[in-house]
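As a basis for the values below, the full set of heavy atoms in this structure was taken, side chains included, without hydrogen atoms, waters or symmetry mates. Every value quoted in this text rests on a predicted model; they were computed, and no experiment measured them. In what follows, chains carry the letters A, B, and so on, assigned in the order in which the sequence lines appear, proteins first and then strands, with residues in each chain numbered from 1.
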There are 2 protein chains.
Amino acid sequence: MKDNGIKKCEEKCALQEILGVIGGKWSMSIIYALFNGKKRFSELERLIPNINTRMLVKELKNMEANGIVSRKIFATVPPTVEYTLTTKGEKLEPSINELYKWGLEYVG
Amino acid sequence: MKDNGIKKCEEKCALQEILGVIGGKWSMSIIYALFNGKKRFSELERLIPNINTRMLVKELKNMEANGIVSRKIFATVPPTVEYTLTTKGEKLEPSINELYKWGLEYVG
DNA sequence: TGTAACCACTTTCAAAAGTAAAGTATTGGG
DNA sequence: CCCAATACTTTACTTTTGAAAGTGGTTACA
């Protein structure tokens with residue numbers, strides 16, 4: 001078997017797995033919004049243009065399940081829910097910044 | 001107006017724009033496969049597990065339109081088509097590597 | 001007293017995106 | 001003559017996403 005320099009299912013599937021966690025259309029925008037501190041649900045809705053409630057809920061749930069954000073509920077009136085990045089989530093900052101830098105140079 | 005540290009539509013929409021270009025489910029895997037040199041259509045199909053023909057065609061077309069890959073046709077029989085990264089595409093290497101590094105530490 | 005607004009969602013239904021599988025055109029080899 | 005290889009295209013179907021309205025509890029305003 002010729003070696004083309006790619007280990008098919010170790011490297012490539014890893015990427016697919018990563019994208020399963022943060023590759024959704026909105027995940028990175030949400031993570032980006034959380035880099036400068038905790039946010040409430042409605043704040044995120046306002047900060048992320050064009051996201052809809054349903055998708056924000058879904059992505060937040062997915063990210064919570066994947067240990068990227070954590071959710072804290074306060075029994076206030078009206079109810080308060082705070083979303084924060086976990087350490088795992090914070091560690092995405094260099095990746096997203098690199099992507100962002102690329103975008104500044106090549107997109108728009 | 002309180003400044004929460006995010007310029008809503010300058011920074012956030014930029015990320016959305018970037019993801020419009022390389023945020024598709026398969027884009028990064030294709031780019032990753034092209035980092036070590038040009039590949040033919042069928043090679044890409046074999047290298048990227050679970051992608052289907054229709055999606056590979058679509059993503060390649062999209063990336064070509066966005067100046068990330070270039071396509072060269074050779075009038076051989078059977079036909080040969082080579083896909084390469086443009087400079088713009090190659091410049092994504094640090095971003096994808098950062099993401100990959102994060103994945104190694106935190107995913108799987 | 002009514003009514004409007006805030007918050008954090010949930011529900012519903014249509015539209016868009018993705019998947020699977022088969023088909024197309026060309027030609028060289030057994 | 002049939003099969004294989006290449007680079008797609010087409011069709012039919014499933015899944016995901018989007019837009020919009022609704023829920024339930026409370027408080028502020030007139």
Looking at [options], which one has an atom nearest to any side-chain atom of [X]?
X: B:P79; options: D:dA7, D:dT17, C:dC7; value: D:dA7
X: A:N52; options: C:dC7, D:dG18, C:dC9; value: D:dG18
X: A:F41; options: D:dA5, C:dG18, C:dC9; value: C:dC9
X: A:V77; options: C:dT10, C:dC6, D:dT27; value: D:dT27
X: B:R71; options: D:dA7, D:dG18, C:dC6; value: D:dA7
X: B:K25; options: C:dT19, C:dC6, D:dT6; value: C:dT19

Under-4.0 Å side-chain N/O to phosphate OP1/OP2 contact, [X] with [N]:
X: B:T53; N: D:dC8; value: no
X: A:K61; N: C:dT10; value: yes
X: A:W26; N: D:dT17; value: no
X: B:R40; N: D:dT6; value: no
X: A:K58; N: D:dT17; value: yes

Rounded to the nearest angstrom, tell me the gap between atom [atom1] in [X] and atom [atom2] in [N].
X: A:R46; N: C:dC9; atom1: CZ; atom2: P; value: 14 Å
X: B:E59; N: C:dG18; atom1: CD; atom2: P; value: 7 Å
X: B:I51; N: C:dG18; atom1: CD1; atom2: C1'; value: 11 Å
X: A:L56; N: C:dC9; atom1: CG; atom2: C1'; value: 10 Å
X: B:N50; N: C:dA21; atom1: CG; atom2: C1'; value: 16 Å
X: A:E45; N: D:dA19; atom1: CD; atom2: C1'; value: 13 Å
X: A:L60; N: C:dC9; atom1: CG; atom2: C1'; value: 11 Å
X: A:M55; N: C:dA15; atom1: CE; atom2: P; value: 17 Å

(Q) To the nearest 0.5 Å, what is the distance between CG on B:N50 and CH2 on B:W26? (A)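 It is 5.5 Å, given to the nearest 0.5 Å.
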Q) Hey, what do you get for CG (B:L47) to CZ (B:R40), rounding to the nearest 0.5 Å? A)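 If we round to the nearest 0.5 Å, B:L47:CG and B:R40:CZ are 13.0 Å apart.
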Q. Hey, mind stepping through A:V57 and A:F41 against side chain to side chain contact (heavy atoms under 4.5 Å, CB included) and telling me if it holds?
A. CA-CA 9 Å; A:V57 172; A:F41 186 87; 3.7 Å; yes
Q: Please determine if A:E98 and A:K101 form a salt bridge, counting it only when a charged side-chain N lies under 4.0 Å from a carboxylate O.
A: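 Yes, this pair counts.
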Q. With a 4.0 Å cut-off on heavy atoms, is A:T80 in touch with a base, just the backbone sugar-phosphate, or nothing at all?
A.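 Contact class for A:T80: sugar-phosphate only.
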Q: Would you classify B:Y83 as touching base, sugar-phosphate or nothing, given that sugar-phosphate means primed atoms plus P, OP1 and OP2, and contacts are heavy atoms under 4.0 Å?
A: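 Here B:Y83 touches the backbone only, sparing every base.
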Q: Quick one: closest heavy-atom pair of B:T84 and B:L34, and the distance?
A: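 Looking at all heavy atoms of both residues, the closest pair is C-CD1, 4.5 Å.
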Q: Hey, which sits more toward the 5' end of DNA chain C by its nearest nucleotide, A:R54 or A:V81?
A: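 Upstream on the strand: A:V81.
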Q) Is a side-chain donor or acceptor of B:T80 paired with a backbone partner of B:F74 at a separation under 3.5 angstrom? A)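 Judged by distance alone, no pair lies under 3.5 Å.
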Q | Angle of first-five versus last-five pair axes in the helix from C:dT1-D:dA30 to C:dG30-D:dC1, to 10 degrees | A |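 Inter-axis angle at the ends, rounded: 20°.
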Q: Determine, step by step, whether B:I30 and B:Y83 satisfy the side chain to side chain contact (heavy atoms under 4.5 Å, CB included) criterion, reporting the C-alpha distance in whole Å, the side-chain angles of both residues, the deciding distance to 0.1 Å, and the verdict.
A: CA-CA 10 Å; B:I30 297 170; B:Y83 293 93; over 6 Å; no
Q) Can you list the steps and then say if A:L92 with B:L99 is a side chain to side chain contact (heavy atoms under 4.5 Å, CB included)? A) CA-CA 7 Å; A:L92 279 162; B:L99 219 52; 4.3 Å; yes
